[in-house]
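Here is the structure we will look at.
One-based numbering along the sequence shown.
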Amino acid sequence: MSGIHVFRYAFYLSPLFCFFIWVAFGGFKFYKKATPFLLLLLASLPSVYDLDFNGFKMFYFIFVYSFIFSIFDFSKLEIDFRWLLLFLLVIFILNVRDILRAGGFSFSIMDSESSFESTLAFPVGLVVIYFFTVKRYLWFVVASILCVLMLKRIVLLAIIAFICLRLCNRSIQKSILNPYVVTVCTTIGLVVCIEFASGTFDKLIRDVLNQSANQLAMGRQVLWGSTLEALKFNYLDYLFWGAGEGKVIYTIDHLFRTGFKVQDVRLHNDLLLITLQYGMLILIAFVFTLNNRRSLEQRGVSLFMTIIFMTDNALIYQHVMVFYFLIMAQLERASKSLSPTS
């Protein structure tokens, strides 16, 4: 997050150090919190022999945080997210300084344009819903303002959905956050994304919103549609198995190659990515295990991440996934402290 490469590479090496710490202190216990992501790693093994460098990077990015949070129980640590928010705020201020030095900034909610736009909006969004959950409303407001300035529409949408749900009574929350319900709704949402990319809703969107579907999705329709066509997607062939680990990135690189230069393009839909690489059954299993959490608070955070996965590639963002796991650990810590047996 700081932009200093040595920190990033040190984090990529952290599983090695964590393994030695794990062995040195004994215990040898695995925790189930990273099960959805370990499932993706297992699904990628049949095609691991054919990985190119980009495919390996995605595999390793998921492995890093999955491994760390599989061998250590972070719910034993008490983490004060106010300090983490202040850290994010300092980074944001430094970014603002750089923007001002470059000649000013722009901000427009209507045009979804902000000079402050950053992938830091994802961890800040997670901090927003955490503060709302634990009823620290002043810090919730501070984090919300920062999140709005960073202007990731899907993050703001996920926060609004989360808050509306949390304001409902617990019986409604239990019904909506049931992992079976979330899995069915997510699968339907994925089908809608596929049909959207195929042009099924073009006329409706044009008539209602007076803009193209691709403009509405900020280029995602062409991106998704081109990838689906190149991989010859159909529901039956991709039900049990996908194209394999790394094939989506390889396909996109070739679709958007400009001369000898490859543009840095990603699919911006992790759920579609999982489907194309491993098949719809793995996608269904991933969403179910992601949302099959003990408490409603944890399920709410997992739903937030499910929404993010629908339109972005957060799976490879270490600074997003680490915040997700840390927040889930703190919510588990809180539930343990409130349990009668503790």
Side-chain angles (χ1 to χ4, degrees), residues 29-40 62 65-66 68-82 84-85 122-137 139-140 143 147 154-155 157-186 270-271 284-310 314-315 317 319-342:
K29 182 178 180 181
F30 282 92
Y31 300 93
K32 299 178 181 179
K33 301 172 186 62
T35 298
F37 308 96
L38 295 174
L39 175 66
L40 298 183
I62 296 175
Y65 59 78
S66 298
I68 294 171
F69 286 93
S70 294
I71 64 175
F72 294 129
D73 184 4
F74 282 86
S75 66
K76 294 181 178 179
L77 300 177
E78 184 175 1
I79 300 173
D80 191 338
F81 282 96
R82 292 175 297 178
L84 290 175
L85 179 61
F122 297 116
V124 172
L126 283 165
V127 173
V128 168
I129 63 174
Y130 172 77
F131 283 137
F132 187 86
T133 300
V134 298
K135 299 180 181 180
R136 293 185 178 180
Y137 297 119
W139 288 97
F140 161 74
C147 198
I154 190 59
V155 176
L157 176 63
I159 290 173
I160 292 171
F162 174 87
I163 292 174
C164 290
L165 185 59
R166 292 290 300 169
L167 292 176
C168 298
N169 62 53
R170 290 189 72 84
S171 61
I172 294 177
Q173 291 186 50
K174 286 181 180 179
S175 299
I176 295 177
L177 292 175
N178 183 297
Y180 292 98
V181 173
V182 174
T183 302
V184 170
C185 292
T186 302
D270 279 329
L271 301 184
I284 291 170
F286 171 78
V287 174
F288 180 82
T289 53
L290 180 69
N291 289 277
N292 188 25
R293 299 298 179 178
R294 179 181 303 175
S295 67
L296 288 178
E297 291 76 17
Q298 289 177 311
R299 289 183 181 185
V301 177
S302 291
L303 178 63
F304 174 91
M305 286 306 305
T306 302
I307 296 172
I308 297 301
F309 288 149
M310 185 68 77
L315 274 173
Y317 293 155
H319 58 292
V320 179
M321 301 313 303
V322 167
F323 266 76
Y324 165 73
F325 278 112
L326 291 177
I327 284 173
M328 293 293 278
Q330 292 307 289
L331 292 177
E332 182 175 347
R333 178 184 178 87
S335 65
K336 286 179 180 177
S337 67
L338 293 174
S339 65
T341 57
S342 61

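- A donor-acceptor contact shorter than 3.5 Å links the side chain of Ser335 to the backbone of Glu332.
- In this structure, OG1 on Thr35 lies 11.5 Å from CZ on Phe286, to the nearest 0.5 angstrom.
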Given Glu297 and Arg166, is the side chain to side chain contact (heavy atoms under 4.5 Å, CB included) satisfied, shown in steps?
CA-CA 9 Å; Glu297 291 76 17; Arg166 292 290 300 169; 3.7 Å; yes

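- Remark: aromatic rings of Phe325 and Phe37 are close, center separation under 6.0 Å.
- Nearest heavy atom pair, residue Phe288 against residue Pro179, reads CE1-CB, 3.7 Å.
- Taken to the nearest 0.5 Å, the CD1 atom of Ile172 stands 4.0 Å off from the CG atom of Asn169.
- Taken to the nearest 0.5 Å, the SG atom of Cys185 stands 15.0 Å off from the OH atom of Tyr180.
- Minimum heavy-atom separation, Met310 to Thr186: CE-O, 3.8 Å.
- Side-chain contact between Leu315 and Phe309 is present, with at least one heavy-atom pair separated by less than 4.5 Å.
- No side-chain donor-acceptor contact under 3.5 Å links Tyr324 to the backbone of Val301.
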Is there a side chain to side chain contact (heavy atoms under 4.5 Å, CB included) between Tyr31 and Ile71? Walk through the geometry before answering.
CA-CA 6 Å; Tyr31 300 93; Ile71 64 175; 5.8 Å; no

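- Between Ile159 and Phe304, the shortest heavy-atom distance links the atoms CG1-CE1, 3.8 Å.
- The nearest pair of heavy atoms linking Leu331 to Gln298 is CB-CG, 3.9 Å.
- Residues Leu165 and Gln173 share a closest heavy-atom pair of O-CG, 3.3 Å.
- If you take CZ on Phe122 and NE2 on His319, they are separated by 7.5 Å, rounding to the nearest 0.5 Å.
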Side-chain donor-acceptor distances from residues 124-131 under 3.5 Å, at least two apart:
none

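- Side-chain contact between Met321 and Met305: present, with at least one pair of heavy atoms (C-beta onward) separated by less than 4.5 Å.
- Judged as a salt bridge (Lys or Arg N to Asp or Glu O under 4.0 Å), the pairs with a partner in residues 124-137 (not counting sequence neighbours) are, in order, Asp80-Arg136.
- Looking at Lys33 and Phe69, their side chains never come closer than 4.5 Å, going by heavy atoms from C-beta outward.
- Annotation: the span from Leu326 atom CG to Arg333 atom CZ amounts to 12.5 Å, rounded to 0.5 Å.
- Of all non-hydrogen atoms in Ala314 and Asp270, the two that sit nearest each other are N-OD2, 2.7 Å.
- Arg294 pairs by the salt bridge (Lys or Arg N to Asp or Glu O under 4.0 Å) definition with nothing, not counting sequence neighbours.
- Of the candidates Asn291, Leu290, Asn292, Ile176, Val182 forms a side-chain contact (heavy atoms from CB on, under 4.5 Å) with just one, namely Asn291.
- Distance check, rounded to the nearest 0.5 Å: OG of Ser175 to CZ of Arg170 gives 12.0 Å.
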